[in-house]
Amino acid sequence: MSSTLDKNDIANKIDKASSLDKLEELRIYYLGKKGLLTSEMKSLSLLSVEEKKEKGQKLNILKKFLDNELLKKKNIIENIAIDEKIKSEKIDVTLPSRNFFTGKIHPISQSIYKIIDIFASMGFSVESGPDIETDFNNFTALNIPSHHPAREMQDTFYIGGESNEEDRVLRTHTSPVQVRSMLDSKPPIRIIVPGRTYRSDSDATHTPMFHQIEGLLIDETSTMAHLKGCLIDFLKEFFEIDDLQYRFRPSYFPFTEPSAEMDIAFTKKNNVINIGEGNEWLEILGCGMVNPRVLENCNIDSNKYQGFAFGMGIERLSMLKYGITDMRGFFDCDFRWINHYGFSPLDFSSSSGI
Ligand code: PHE
């Protein structure tokens, strides 16, 4: 056997290998196709049976030894590499952190989530509709024919339709989604509709774009008593005041009969509004039993079905709940304002999972 296949010599060489590449070179040197040990193995065929047996055994032992030594050294080199990597990647936890900016939830969104949450627990589902509506859905179907004085209740942005098309409007309220739902589905219907609405109006308490939430319930048996119970429960929960003082005041809407507005009591001390009790009243929402004419306009049999509807401004509800005094702040996109009045996304928890 050649001296270069001496165990000590092999162990020495492997021990000196300082990288995986060097180790691979050694493996090829001994065990590659033309490697030393491989050639010795090949030459066995030239020997007599006796010699073959003896030398074969030695070579096999040597091969096992080589495999073993190579593997041991490979593990050592790899462990050293890992240790070095860990050392070089060490994180310095004492370094100052980079500033990062967390967004805030706008009070309008917060109110919408909260209102949805309350009505969802009463079995209402959420619907939506387009901001640009047909004249029919926004007015005519809701019992406000064209040229009727009731149209003047809402300062409307009209968008002329194409010559052969019906006129379009920026919806003045969320009520057209009632019409869409009644035309698209059969009673029982139990929906709420949050969304943007538009009126040609602008001062400290009006903005041309604002938000409403609409409710509609149609079935065979619901009455004004259900309407009252539903809205009283809602307002108590929204303002988190159990003994909230409220009143229903007769009113007029073309699409409901009878109609009412709901007021809540408040007091004002040092320019701070206190909701819930007192002898001043704040108008908070409009409501009523759906006018049978509206049901008929939406192909619902008014002899069989009845129900109620309500609508309210989300800006006003938010101003009262969160103590915001000027409505224009809602839409100024001022970071200082949203930082002050906004809500952390991590704080909102909802039973309906919204
Ligand atoms: N749509 C009405 C408004 O914007 C509110 C309302 C909705 C009143 C539903 C009664 C019933 O003034």
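Each ligand, and each atom within it, is numbered from 1 in the order the structure gives.
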With a 4.5 Å cut-off on side-chain heavy atoms, are Tyr30 and Leu5 touching? yes

Testing the basics here: between [X] and [Y], what is the closest heavy-atom pair and its distance to 0.1 Å?
X	Y	result
Glu283	Arg316	O-NH1, 2.6 Å
Phe253	Ala260	CE1-O, 3.7 Å
Ile105	Pro345	CD1-CA, 3.7 Å

Quick check on contacts: which atoms of ligand 1 are under 4.0 angstrom from a heavy atom of [X]?
X	result
Gln212	3 (C), 4 (O)
Glu214	7 (C), 9 (C)
Ala309	9 (C), 11 (C)
Arg199	3 (C), 4 (O), 12 (O)
Ser175	1 (N), 7 (C)

Is there a polar contact, in the sense of an N or O pair closer than 3.5 Å, between [X] and ligand 1?
X	result
Thr172	no
Thr256	no
Gln178	no

Students should be able to answer this: which protein heavy-atom is nearest to atom 5 (C) of ligand 1, and at what distance? Gly311 CA, 4.0 Å

Same cluster or not: Phe65 versus Leu23, using hydrophobic residues (I, L, V, M, F, W, Y) connected whenever any side-chain heavy atoms lie under 4.5 Å apart? yes

If the test is ring pair (Phe, Tyr, Trp, His ring centres under 6.0 Å), which one of Phe308, Phe119, Phe234 qualifies with Phe124? Phe119

Just heavy atoms, cut-off under 4.0 Å: does Phe310 contact ligand 1 by side chain, backbone, both, or neither? backbone

Quick look: Cys287 vs ligand 1, heavy-atom contacts under 4.0 Å, and the answer is backbone

Any ion pair linking Glu24 and Arg27 (charged N to carboxylate O, less than 4.0 Å)? yes

Would you say Thr172 and Asn138 are linked by a side-chain donor-acceptor pair, where the criterion is simply a distance under 3.5 Å? yes

Check if Met312 has a non-hydrogen atom at a distance under 4.0 Å from any atom of ligand 1. no

Are Phe255 and ligand 1 in contact, using a heavy-atom cut-off of under 4.0 Å? yes

Asp131/Tyr198 under side chain to side chain donor-acceptor pair (under 3.5 Å): CA gap, chis, key distance, verdict: CA-CA 8 Å; Asp131 291 13; Tyr198 305 84; 2.6 Å; yes

